[in-house]
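Labels below follow one simple rule: chain letters A, B, ... track the order of the sequence lines, proteins then strands, and each chain is numbered from 1.
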Number of protein chains: 2
Amino acid sequence: MITGEKTSPAKNIKTLQVIQSEVENTNRIALSVDCVIFGFDEAKLEVLLIRSDLKKFAGKWSLLGDLVFPEEDLDAAAYRILKQRTGLSDVYLEQVSTFGTVNRHPAGRVVTVAYCSLINVQHHKLNILDNELHWHDIKNVTDLAFDHQQIFDSCLKQLQKRVQEHPLGFNLLPKKFSLRDLQNLYEAILDIKMDRRNFRKKFFSMDFLVDLEEMEQDVPHRPGKLYKFNYEKYEKRKKKWVGIDF
Amino acid sequence: MITGEKTSPAKNIKTLQVIQSEVENTNRIALSVDCVIFGFDEAKLEVLLIRSDLKKFAGKWSLLGDLVFPEEDLDAAAYRILKQRTGLSDVYLEQVSTFGTVNRHPAGRVVTVAYCSLINVQHHKLNILDNELHWHDIKNVTDLAFDHQQIFDSCLKQLQKRVQEHPLGFNLLPKKFSLRDLQNLYEAILDIKMDRRNFRKKFFSMDFLVDLEEMEQDVPHRPGKLYKFNYEKYEKRKKKWVGIDF
DNA sequence: GTTTAATGTGTAAATTAAACACATTATAGC
DNA sequence: GCTATAATGTGTTTAATTTACACATTAAAC
């Protein structure tokens, strides 16, 4: 009844006090956050996992999670938990979805909100507090603890969709990058191969890549041109958003 | 600590009992569900709202919500709450997102999970338990109670996106419908006008509409042909899902 | 029977996506 | 240094899709 609606005329009169007692005493549930941190590393997509210390899940890997405090914003909890577990702080987290079956956690009722991020493994130094925190190639992620496999699958799908609709990828590259870097990124995340020539045309036509008139250094092959992502140019473009297609 | 990860080597040994006490005693939070029920009615998109009975929000409208019980699956809670408040049961609910700022509810800390649905107003009889439950034209929805305006906006956006990617719309139409019905539906949900000829071509090319060789009855104009949606045909089509575009 | 307002259909132009080939350049190996 | 190698850089052609746009047809309303 906490949002103030009525179920019947007879129950119409519900004071804030009554509601408060319901909120304070009964019906409370442990709420957690689980972070799915995707990392891009040398043309591979990885995910950050930690080994479960529950006997029930001995040897299994799990996502980075913890309880939300009663006086802590949900988003803030996600950032705190990520920071505590990894030392990472300048990372954008995005909520994906909430998992709330009764028996998903062996210690009792815990509803968890999944958050997802995507970073470059080389750009962020992990604060490895124990040696059970590791990057895992996403192709080898199976049989996680709890319902974390389901959460992981859901986040990966969401990531693959989002990366096609928003320029997330550029955060993963150095400020200056080659088109090969960019294509490797998309191929790793989407797990597909693309035609190099069409890929280049696609991104050039999007008109937010700036030619830096510099070349790659120290690469073991012919150096490519370097580009940067221009956010203002990206924002300025009008996007047609209607496209019924299913 | 509930998902079993460790914060430091020193804290490595955490038994299920310790975790259980954390889940059971501290850190618990009231969890609610709020349902955003969109209704399509005669070429208009509406949303089901109820008047708030909290003094703080006197006169304002709010979404259909209530607390989740400790031994109830999250999805089940959403269906229960919808049923209790409206009598609706054969309606598909989809989770949209979770809102968890500390001060979003005046009665205390309540994190809420938003669920969204889309039904045909004419097909579903509401069980109106009091006269404060009403359909509202979405164009007139402003200034809802709590953070419900934000939740509503978020769900509307999600609906508009989803309806372009999945054939949700056909649930809203009669089994037999005309292409004009279908176009009205999309125009109402997306709040745009489309070219009638191109709209037809689009849907015919998608190849899951079956011509019933029947005509509309009792319409005040030239009757149109009637079609039905063939789910098998829809499923069978392969969809290319890669299309980087932002 | 005439008017009206909707349905049903088609075509041309523009844009976008897909397939595909060759010259160029720096490195690596000799 | 010379050659072989393997990557970069660039267009063209075709197909597919989207957009813009006009006219004949049909049933209801008068």
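Of all heavy-atom pairs between His123(B) and Asn171(B), the closest is ND1-O, 4.3 Å. The two residues Thr112(B) and Ser32(B) come nearest to each other via the heavy atoms OG1-OG, 2.6 Å. Shortest non-hydrogen contact noted between Pro167(A) and Phe246(B) is CB-CE1, 3.5 Å. In terms of heavy atoms, Trp135(A) sits closest to Ile37(A) at CZ3-O, 3.4 Å.
In this structure, the side chains of Arg196(B) and Arg180(B) come closer than 4.5 Å at one or more pairs of heavy atoms. Looking at heavy atoms from C-beta onward, Lys60(A) lies in side-chain contact with Asp143(A) at the 4.5 angstrom threshold. Inter-residue side-chain proximity for Val141(A) and Val47(A) is flagged as met; some heavy-atom pair is nearer than 4.5 Å. Looking at Phe170(A) and Tyr227(A), their side chains never come closer than 4.5 Å, going by heavy atoms from C-beta outward.
As a whole-Å value, the separation of Met206(A) CE from dA17(C) C1' is 13 Å. Phe246(A) has its CZ atom 15 Å from the P atom of dT17(D), to the nearest Å. Atom NZ in Lys225(B) sits roughly 11 Å away from atom C1' in dT7(C) (whole-Å rounding). Atom CE of Met215(B) is separated from atom C1' of dT26(D) by 8 Å (rounded to the nearest Å). Rounding to whole angstrom units, NZ of residue Lys193(B) and C1' of dA20(D) are separated by 18 Å. Put simply, CZ on Arg180(B) is 11 Å from C1' on dA5(C), counting in whole angstrom units. Between Ile244(A) atom CD1 and dT17(D) atom P there is a gap of 16 Å when expressed in whole angstrom units.
Remark: the backbone N or O of Lys228(B) is not paired with any side-chain donor or acceptor of Lys175(B) at under 3.5 angstrom.
Looking at residues 195-205 of chain A, you'll see Asp195(A), Arg197(A), Asn198(A), Lys201(A), Lys202(A) sit with a heavy atom under 4.0 Å from some atom of DNA chain C.
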Output one line per pair: protein atom, nucleotide atom from nucleotides 27-30 of chain C, and distance, for all N/O pairs under 3.5 Å.
none

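Pairing for dA6(C) is with dT25(D), a Watson-Crick or G-U wobble pair whose two hydrogen-bonding atom distances lie under 3.5 Å.
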